[in-house]
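Below: one structure, written as structure tokens.
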Amino acid sequence: MSDTQWPRYEVFQQETPDRPHRHAGSVHAPDAEIALLNGRDVFVRRPECSSLWVAPAGAISRATAEEITGGALEMDSTTGEAVDYLVFAKLDARGMLTHLGQVRATSKVQALQEAARACGPQTPFVLWVVPAAQLTRSEPDQAEPLFAPALDKPYRDQAFYHIQTALRRLRQEAGD
Amino acid sequence: MTEDAGRLAAFDARIAAGEKIEPGDWMPDEYRRQLIRMISQHAHSEVVGMLPEGGWITMAPSLRRKLVLLAKVQDEAGHGQYLYHAAETLGVSREEMLEALLQGKAKYSSIFNYPATSWADMGVIGWFVDGAAILNQTMLARCSYGPYARAMIRICAEESFHYKQGMEIVLTLSQGTPAQRTMVQDAVRRWWWPTLMMFGPHDAESPNTPTLVRWGIKTRTNDELRQEFVNQTVPDAHTMGLSLPDPELRFDAASGNWRFGEIDWDEFWRVVHGDGPCNRERLEARRAAHDDGLWVRQALEAYAART
């Protein structure tokens, strides 16, 4: 491979074990394992992560509200073997793409249709389906080496500094 | 009504309703073009922004200051990545953006073309430059394009740390020995005007602003943000006994604003057009970093290609 851009992976981040994974952004990497490491370095410099997932951007099927309501998902004649897809949807106008669950479908378009139905009466603003086989997850036993180092760096948090207190004290001294 | 006019009306209505525009949604070409321009420049600014501070990591006066500065510079690398991602959702590739930067064709914030010549600069950059950036970025966190707004929310949360660690350095030096006070006063004198230039030309000279405001990309103008920065910074400078290099600076009770003198726009345009104190040095450092990283990229590719 020459020195050009690597494939893009979308990164999904779970902040605490009781919350769903949400889309954080993307990284470029030569494979999924390095994508997980790059995702950690880019998105987890602070202690707010319990798990990361990555998927190649090219493997993801996407639809916008306009495409879902405009009937762009209707024509689907392809059928194959039924496989599992993870569903991510943005349901709130100001929200983020959030993991909702899983559907089983025989094609990408069918997966998007099933996923749109699974969202209930509300049309999602954005809908993604990711073939489960294309998703790479950080292993639970990797959680400590991947995410614990951020815990040791309280100085990355603005609450570590007490600027206003110091300025107030200076003003009081000047007033005395 | 043509199809495009209908789409444009629907698009304007979505923005007026406070909806976020997402990748894949229809958008006017000019909206896409303006966003690619702004987000890629913003990404480049984060990447080049590592350079003035990066050189001071090994010269930090204590281990604590070194850890903090290292963390800040790492954040800037990460912020560049968030922003390249946001720009990529508009159809431009990371590779072409990086190439434009390395070839010297891309713009980035001119503030990073000034040298950081003393340790006090690490404080004043956090206080002034990050303080100014936070005002701009807090506005952009409400921007109508979803991926840019979300990147900005992440960045603003992290940037508060940058501002405060800088302020802590300035506070310490300003209450320190006479030599420390002289050093920080000198840094304030050098960074004040370039920081005011960061907000860009006056509103009357800023051709893009009305379009950006109409589409909810910007919600405040350059001059409004600049005035807010001056208003928040002058009282803190006075509290710390630091003077700002502007004889015309005075409080205007009628408007509640600190009035300030005219910016040297000749200097601003000189630096924008490549003739600042460090333009060449910054590009050379960026190219060297890219070339020096080649072996890492090759090693990762070899690892990925293993059987």
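Naming convention: chains lettered A, B, ... in sequence-line order (proteins, then strands); numbering from 1 in each chain. If you're wondering where the values come from, they're calculated on a predicted model, not measured in any experiment.
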Worksheet item: How long is the gap from CG on B/Asp236 to CD on A/Gln164, to the nearest 0.5 Å?
Response: 6.5 Å
Fill in: CZ (B/Arg287) with more than 12 external heavy atoms under 6.0 Å
yes
Discussion item. Only pairs of heavy atoms separated by less than 4.5 Å count here; which of A/Arg46, A/His23, A/Arg62, A/Glu66 has the most with chain B?
Written reply: A/Arg46
Fill in: A/Ile34, part contacting chain B, at a heavy-atom distance under 4.5 Å
side chain
Worksheet item: Which one, B/Lys20, B/Gln74, B/Glu19, B/Gln298, leads in non-hydrogen pairs under 4.5 Å with chain A?
Response: B/Gln74
Worksheet entry | Partner chain A: residue of B/His238, B/Lys72, B/Arg64, B/Glu99 with the largest heavy-atom pair count (under 4.5 Å) | B/Arg64
Discussion item. With rounding to the nearest 0.5 angstrom, report the CG to CD distance, A/Asp41 to B/Gln81.
Written reply: 10.0 Å
Worksheet entry | Contact origin within B/Pro23 toward chain A - heavy atom pairs under 4.5 Å | backbone
Worksheet item: With B/Tyr31, which residues qualify under ring pair (Phe, Tyr, Trp, His ring centres under 6.0 Å), at least two apart?
Response: B/Phe11, B/Trp215
Worksheet item: What class does the angle between the rings of A/Tyr161 and B/Phe161 fall in, given that below 30° is parallel, 30 to 60° is tilted and above 60° is perpendicular?
Response: parallel
Discussion item. Working note: B/Leu70 + A/Lys153, criterion side chain to side chain contact (heavy atoms under 4.5 Å, CB included); need CA distance, chi angles, decisive distance, verdict.
Written reply: CA-CA 11 Å; B/Leu70 191 57; A/Lys153 302 179 176 65; over 6 Å; no
Practice prompt. Answer with side chain, backbone, both or neither: which region of A/Ala24 has an atom nearer than 4.5 Å to a non-hydrogen atom of chain B?
Written response: both
Worksheet item: Between CZ of A/Arg171 and CE of B/Met240, what distance do you get to the nearest 0.5 Å?
Response: 10.0 Å
Practice prompt. Look up atom NE2 in A/His28 and atom CZ in B/Arg297, then write down how far apart they are to the nearest 0.5 Å.
Written response: 13.0 Å
Item to complete: Go through the atoms of A/Phe43 and report whether side chain, backbone, both or neither lie under 4.5 Å from a heavy atom of chain B.
Response: both
Worksheet item: Around atom CD of A/Glu144, are there more than 12 heavy atoms of other residues, nucleotides or ligands at under 6.0 Å?
Response: no
Item to complete: Answer with side chain, backbone, both or neither: which region of B/Arg94 has an atom nearer than 4.5 Å to a non-hydrogen atom of chain A?
Response: both
Fill in: Contact check, side chains of B/Leu171 and A/Leu167, non-hydrogen atoms, under 4.5 Å
yes
Practice prompt. Looking only at non-hydrogen atoms, find the nearest pair between A/Ser26 and B/Glu88 and report the distance.
Written response: OG-OE1, 3.9 Å
Practice prompt. Using non-hydrogen atoms and a 4.5 Å limit, figure out which bit of B/Glu22 sits close to chain A: side chain, backbone, both or neither.
Written response: side chain
Worksheet, complete the sentence: Interface check, chain A: of B/His79, B/Glu159, B/Arg154, most non-hydrogen pairs under 4.5 Å belong to B/Arg154
Discussion item. Is B/Leu67 in contact with chain A via its backbone, its side chain, both, or neither, using a 4.5 Å heavy-atom distance?
Written reply: both
Worksheet, complete the sentence: Bottom line for A/Glu10: the part with an atom under 4.5 Å from chain B's heavy atoms is side chain
Fill in: Contacting region of B/Thr89 [heavy-atom separation from chain A under 4.5 Å]
neither
Worksheet item: For B/Asp29, does the CG atom sit with more than 12 other heavy atoms under 6.0 Å from it, leaving out its own atoms?
Response: no
Fill in: From CD (B/Glu168) to OH (A/Tyr155), nearest 0.5 Å
13.5 Å
Worksheet item: What residue, out of A/Glu33, A/Met96, A/Arg8, A/Glu67, has the most heavy-atom pairs lying under 4.5 Å from chain B?
Response: A/Glu33
Discussion item. Working to the nearest 0.5 angstrom, can you tell me the gap between A/Asp157 CG and B/Lys164 NZ?
Written reply: 8.5 Å
Item to complete: Please look at B/Gln165 and chain A and tell me whether the side chain, the backbone, both or neither of the residue comes under 4.5 angstrom of a heavy atom of that chain.
Response: both
Worksheet item: Quick one: are B/Arg306 and A/Asp31 in side-chain contact, heavy atoms under 4.5 Å?
Response: yes
Discussion item. Using side-chain heavy atoms (C-beta onward) and a distance below 4.5 Å, is A/Gln5 in contact with B/Leu98?
Written reply: no
Worksheet entry | Residues A/Ile163, B/Tyr163; criterion side chain to side chain contact (heavy atoms under 4.5 Å, CB included); working and verdict | CA-CA 10 Å; A/Ile163 301 310; B/Tyr163 172 76; 5.7 Å; no
Item to complete: Counting only heavy atoms closer than 4.5 Å, note whether A/His162 contacts chain B via side chain, backbone, both or neither.
Response: neither
Fill in: Heavy-atom proximity to chain B below 4.5 Å, by part of A/Val42
both
Discussion item. I need the residue from B/Gly18, B/Ala77, B/Ala17, B/Pro147 with the largest number of non-hydrogen atom pairs under 4.5 Å to chain A.
Written reply: B/Gly18
